[in-house]
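Numbering of ligands and ligand atoms starts at 1, following listing order. Please read all numbers here as calculations on a predicted model, not as lab measurements. The first residue of the sequence shown is numbered 1, and numbering continues consecutively from there.
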Amino acid sequence: MNLPTSATSLAGWQHIYSGKVRDLFVPENGPDNILLVVASNRVSAFDHVLDPAIPGKGALLTALSNWWFSRIDMPNHLADPESAPPVPMEVSDRAMLSRRLEMYPVECVVRGALTGSGFLEYRETGSVCGIELPAGLEDGDLLETPIYTPAHKAPLGEHDENISYEQSVELVGPEVAEALREASLKIFTAARDLAAERGVILADTKFEFGRDPETGELVLADEVLTSDSSRYWDASVYFDASLSRADRLASFDKQIVRNWLRSNWDQQGVPPQLPAEIVSQTQDRYRELFTRLTGKNWG
Ligand SMILES: C[C@H](c1ccccc1)n1cc(-c2ncnc(N)c2C#N)cn1
């Protein structure tokens, strides 16, 4: 009898780490160059993991990641299923079988718009990660050209720390730092243009890269261009001047949840349970984002 899988128990696999919305496993009996990244249905907002989870979210974002990996012209960490133990059925649609890499300690953030921590730093200093920007920019303004604004990974639950390109050189050396910046900007620009053709603004995203210990090559890892690692906006909403700035910068997938929480929670203590209708509307938004970007119906 298949016991229900809790977030961290998976037959044949050893749980090694949990993020807010994903869990990492390694094969119980090897090989040691394989990793299983399992996307949960958990959704986080305002630095809290919310209850209940959004059914189908993990599978949809895994499918979106795989769709982008197949369109990005660079080595990625996806592993050949023949090279690993079987992925348990209960997570197969939301699991990413990956080659274990030597991960670089740099969050490779690219911004095509100024918002979030980038806007806060700009408002204080007129720059982001040491990159001077024109005066007078407002939250959510599109940038003339995308900027590479790396961050140093923080412990779970803390915010990553924006660093300068020069600091990234100190972390990984000049050759790798340049390769990370070049790859991040190239992938972002192509993805931004593809999304724009489909009426979606890719405002920013975070890539993670590693070194393949067997080949030494630079490999794109983690999830890629999902709405958990990126900010996506609906272009028709963004350019609607009749809307407030907050509404124009509505995150494609989480705005319904955020708006409900703003009206039903004082942001003190644990957030209230999401009503079924909010869960359902959020499921619809994830499906809509998937369909807009990939041109495929979900499910
Ligand atoms: C940030 C992310 C994470 C995922 C899931 C849950 C919490 C964190 N993570 C990915 C690796 C990683 N390590 C070695 N090889 C790899 N191919 C990968 C990947 N992907 C380590 N951490």
Side-chain angles (χ1 to χ4, degrees), residues 5-10 13-28 30-44 47-49 53 57-70 72 74-85 87-88 91-110 150-163 168 171-172 176 179-180 183-184 187 204-230:
T5 305
S6 73
T8 58
S9 76
L10 212 48
W13 295 83
Q14 181 195 353
H15 173 257
I16 58 169
Y17 181 73
S18 278
K20 277 186 185 161
V21 296
R22 290 176 302 156
D23 303 287
L24 278 183
F25 298 81
V26 293
E28 256 170 1
D32 63 5
N33 65 341
I34 289 293
L35 199 67
L36 191 68
V37 183
V38 178
S40 75
N41 291 330
R42 301 190 296 266
V43 63
S44 82
D47 290 332
H48 285 267
V49 175
K57 173 189 179 258
L60 187 140
L61 292 192
T62 301
L64 183 57
S65 244
N66 288 331
W67 186 82
W68 280 114
F69 273 128
S70 70
I72 293 167
M74 88 168 285
N76 63 54
H77 69 148
L78 297 181
D80 174 355
E82 299 297 310
S83 67
V87 176
V91 297
S92 60
D93 63 349
R94 54 189 177 89
M96 197 174 280
L97 196 63
S98 311
R99 300 196 320 278
R100 199 158 186 178
L101 304 172
E102 296 160 358
M103 298 300 284
Y104 292 114
V106 178
E107 306 278 349
C108 297
V109 178
V110 181
H152 190 217
K153 289 183 190 179
L156 181 64
E158 293 175 34
H159 288 285
D160 298 330
E161 177 202 358
N162 287 353
I163 59 175
S168 78
L171 282 170
V172 299
V176 170
L180 294 178
S184 300
I187 298 166
D204 56 38
T205 197
K206 171 184 69 73
F207 299 116
E208 300 221 17
F209 295 86
R211 176 182 177 277
D212 185 320
E214 289 160 19
T215 65
E217 63 182 354
L218 180 68
V219 178
L220 180 59
D222 198 22
E223 60 184 324
V224 62
L225 293 160
T226 71
S227 50
D228 274 350
S229 63
S230 316

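- Remark: Lys57 engages Asp228 in a salt bridge, criterion side-chain N to carboxylate O under 4.0 Å.
- The existence of a salt bridge linking Arg42 and Asp23 is confirmed by a sub-4.0 Å separation between a basic side-chain nitrogen and an acidic carboxylate oxygen.
- Between Arg99 and the choices Asp212, Asn33, Thr215, the side-chain hydrogen bond (donor to acceptor under 3.5 Å, both in side chains) rule is met once, by Asp212.
- Inspection of the His159 and Asp47 side chains reveals an N or O donor paired with an N or O acceptor under 3.5 Å.
- His15 and Phe25 have perpendicular rings, their planes meeting at more than 60° on a 0 to 90° scale where under 30° would count as parallel.
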Note down each nitrogen or oxygen pair, ligand 1 side and protein side, whose separation is under 3.5 Å; give only atom names and the distance to 0.1 Å.
unit_1	atom_1	unit_2	atom_2	d
ligand 1	15 (N)	Leu101	N	2.9
ligand 1	17 (N)	His77	ND1	3.0
ligand 1	17 (N)	Arg99	O	2.9
ligand 1	20 (N)	His77	ND1	3.4
ligand 1	20 (N)	Asp222	N	3.0

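- Val87 and Trp13 get closest at one heavy-atom pair: CA-NE1, 4.5 Å.
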